[in-house]
A.B. asks: 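Supplied in structure tokens, the structure appears directly below.
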Amino acid sequence: MSLVKLTIKGISYSQTQNGAYALILNEVDGERKLPIVIGAFEAQSIAIALEKEIKPPRPLTHDLFKNFAERFDIIVKQVIIHKLVDGVFYSSIICERDKIEEIIDARTSDAIALALRFSAPIFTYKNILDKAGIFLKTNPQESENQDSIEDVLSNPETFGMEESNEASDAYAKLSLSELHEQLETAVQNEDYEKAAKIRDEISKRES
């Protein structure tokens with residue numbers, strides 16, 4: 001079975017499952033997307049790994065795993081989403097130590113969080129993408145006021161995290177220096193969702 005390389009397109013809040021997020025993986029040499037439902041903690045960990053400006057003051061669980069692995073010269077070479085059963089994706093982490101390769105079973109969300117931290121490629125098998133891959137396109141006859149799925153999922157600033165209008169309005173009233181202070185405080189308090197929202201407001205001002 002041939003492998004297909006994937007990249008992370010973004011994270012969207014799930015409209016069908018409370019407290020869940022949809023991780024959207026993109027086919028590198030194609031147009032299909034592979035959506036995978038993950039929990040809020042995993043979504044936060046992946047979002048933090050995608051963010052270069054937000055540095056946790058203490059290591060998150062996946063950061064700890066990376067530190068542990070590096071201490072013992074373990075390298076994550078790649079992640080393979082190898083099975084889909086009843087809507088659940090199964091993944092393997094391909095590791096190497098002293099030129100000996102090991103395969104470790106993992107939840108897909110954990111595997112991808114680690115792949116990001118090790119800059120390791122993510123793959124799936126063609127038959128899984130054929131079965132679960134979708135084309136995220138909207139009906140052009142839909143209401144103009146309705147956000148397109150493509151727009152929501154391709155937003156690189158929010159990673160699909162929920163953001164209330166009240167919070168957004170409150171940040172808009174702050175000065176840049178106040179925003180930077182709040183960003184630092186949010187990171188220190190490990191409130192990364194809030195930090196991402198503040199960072200988005202700063203990016204808007206400085207763009």
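Numbering of residues begins at 1 and proceeds along the displayed sequence. Remember, it's a predicted structure, so these values are computed and weren't measured experimentally.
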A.B. asks: Do any pairs count as a salt bridge (charged side-chain N to carboxylate O under 4.0 Å, His left out) and have a residue in residues 78-98, sequence neighbours left out, and if so which ones?
C.D. replies: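 Those involving residues 78-98 are Lys77-Glu96.
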A.B. asks: Rounded to the nearest 0.5 Å, how far apart are NZ of Lys33 and CG of Leu6?
C.D. replies: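 Going from NZ on Lys33 over to CG on Leu6, the span is 11.0 Å.
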A.B. asks: Give the intermediate values and the outcome of side chain to side chain contact (heavy atoms under 4.5 Å, CB included) for residues Asp130 and Arg32.
C.D. replies: CA-CA 9 Å; Asp130 289 341; Arg32 287 175 295 183; 2.7 Å; yes
A.B. asks: Between Val79, Ile104, Thr108, Ile103, which is the residue that forms a side-chain contact (heavy atoms from CB on, under 4.5 Å) with Ser92?
C.D. replies: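 Considering Val79, Ile104, Thr108, Ile103, a side-chain contact (heavy atoms from CB on, under 4.5 Å) with Ser92 is found only for Ile103.
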A.B. asks: About how many Å separate CZ of Arg117 and CD1 of Ile46, when rounded to the nearest 0.5 Å?
C.D. replies: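 It is 8.5 Å, given to the nearest 0.5 Å.
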A.B. asks: If every non-hydrogen atom of Gly133 is compared with every non-hydrogen atom of Leu34, which pair is closest and at what distance?
C.D. replies: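 Of all heavy-atom pairs spanning Gly133 and Leu34, the closest is N-CD1, 4.0 Å.
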A.B. asks: Quick check: do Leu174 and Ile198 have side-chain heavy atoms less than 4.5 Å from each other?
C.D. replies: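 With C-beta onward as the side chain, the pair stays apart.
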A.B. asks: With ring-ring contact (aromatic ring centres under 6.0 Å, His included) as the rule and sequence neighbours excluded, what pairs involving residues 68-103 come up?
C.D. replies: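 Passing the test, one end in residues 68-103: Phe68-Phe72.
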A.B. asks: Roughly how far apart are Lys9 NZ and Asn26 CG, rounded to 0.5 Å?
C.D. replies: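 Taking NZ in Lys9 and CG in Asn26, the distance rounds to 5.5 Å.
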A.B. asks: Just so I know, are the side chains of Ile202 and Leu176 near enough to count as touching, which here means a heavy-atom distance under 4.5 Å?
C.D. replies: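 SC-SC contact between Ile202 and Leu176 confirmed.
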A.B. asks: Tyr125 and Leu3: side chain to side chain contact (heavy atoms under 4.5 Å, CB included), yes or no, with the steps?
C.D. replies: CA-CA 5 Å; Tyr125 288 110; Leu3 287 172; 3.3 Å; yes
A.B. asks: Taking the basic N atoms (NZ, or NE/NH1/NH2) and the acidic carboxylate oxygens, is any pair closer than 4.0 Å for Asp29 and Lys5?
C.D. replies: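 No, Asp29 and Lys5 are not salt-bridged.
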A.B. asks: Considering non-hydrogen atoms only, spot the tightest contact between Ala120 and Val76 and give its length.
C.D. replies: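 Smallest heavy-atom distance, with atoms named: CB-O, 3.5 Å.
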A.B. asks: Do Ile128 and Ile8 sit in the same hydrophobic cluster, where Ile, Leu, Val, Met, Phe, Trp and Tyr count as joined when their side-chain heavy atoms come under 4.5 Å apart?
C.D. replies: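 In one cluster with Ile128: Ile8, yes.
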A.B. asks: Go through the steps for Ile74 and Glu102 under the test side chain to side chain contact (heavy atoms under 4.5 Å, CB included), then give the verdict.
C.D. replies: CA-CA 10 Å; Ile74 299 170; Glu102 299 286 349; over 6 Å; no
A.B. asks: Could you check whether any side-chain heavy atom of Thr61 comes within less than 4.5 Å of a side-chain heavy atom of Ser45, counting everything from C-beta outward?
C.D. replies: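 Side-chain contact under 4.5 Å: no.
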A.B. asks: What's the separation between atom CG in Asn127 and atom CG in Leu129, rounded to the nearest 0.5 Å?
C.D. replies: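 Going from CG on Asn127 over to CG on Leu129, the span is 9.5 Å.
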A.B. asks: Do Ser91 side-chain atoms and Ala106 backbone N/O form a donor-acceptor pair below 3.5 Å?
C.D. replies: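 The answer is no, because no donor-acceptor pair under 3.5 Å joins these two groups.
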A.B. asks: With a 4.5 Å cut-off on side-chain heavy atoms, are Gln182 and Tyr171 touching?
C.D. replies: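 SC-SC contact between Tyr171 and Gln182 confirmed.
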A.B. asks: Go through the structure and list residues passing side-chain hydrogen bond (donor to acceptor under 3.5 Å, both in side chains) with Gln78, not counting sequence neighbours.
C.D. replies: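 In terms of side-chain hydrogen bond (donor to acceptor under 3.5 Å, both in side chains), with neighbours along the sequence ignored, Gln78 is linked to no residue.
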A.B. asks: In terms of hydrophobic clusters joined by side-chain contacts under 4.5 Å, are Leu23 and Leu50 together?
C.D. replies: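 Yes, same cluster.
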A.B. asks: Please report the C-alpha distance between Ile36 and Glu42 in whole Å, then the side-chain angles of each, then the deciding distance to 0.1 Å, and finally whether the side chain to side chain contact (heavy atoms under 4.5 Å, CB included) criterion is met.
C.D. replies: CA-CA 12 Å; Ile36 300 174; Glu42 292 78 12; over 6 Å; no
A.B. asks: How many angstroms lie between CG in Leu114 and CG in Asp63, if you round to the nearest 0.5 Å?
C.D. replies: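 Spacing of CG (Leu114) from CG (Asp63) equals 9.0 Å.
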A.B. asks: Apply side-chain hydrogen bond (donor to acceptor under 3.5 Å, both in side chains) to Glu184 and list each qualifying residue two or more places apart in sequence or on a separate chain.
C.D. replies: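 Counting only residues at least two positions away or on another chain, Glu184 forms no side-chain hydrogen bond (donor to acceptor under 3.5 Å, both in side chains).
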A.B. asks: Hey, what do you get for NZ (Lys126) to CD (Glu27), rounding to the nearest 0.5 Å?
C.D. replies: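 If I round to the nearest 0.5 Å, the distance is 9.0 Å.
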A.B. asks: Please go through Ile100's hydrophobic cluster and name the other residues, only I, L, V, M, F, W, Y counting, with side-chain heavy atoms under 4.5 Å joining them.
C.D. replies: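 Its cluster mates, by chain and number: none.
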A.B. asks: Taking only residues two or more places apart in sequence, or in another chain, which ones meet Asp110 in a side-chain hydrogen bond (donor to acceptor under 3.5 Å, both in side chains)?
C.D. replies: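 Residues passing side-chain hydrogen bond (donor to acceptor under 3.5 Å, both in side chains) with Asp110: His62, Arg107.
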A.B. asks: Kindly say whether Glu181 contributes a backbone atom to a donor-acceptor pair with the side chain of Thr185 at under 3.5 angstrom?
C.D. replies: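 Judged by distance alone, yes, a pair lies under 3.5 Å.
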A.B. asks: Considering all heavy atoms of both residues, which atom of Phe118 and which atom of Ala69 are nearest to each other, and what is their separation?
C.D. replies: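 In this case the closest contact between Phe118 and Ala69 is CZ-CB, 3.8 Å.
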A.B. asks: Measure the shortest side-chain to side-chain distance between Leu25 and Ile112 over non-hydrogen atoms and say whether it is less than 4.5 angstrom.
C.D. replies: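 Yes; the side chains approach each other to less than 4.5 Å.
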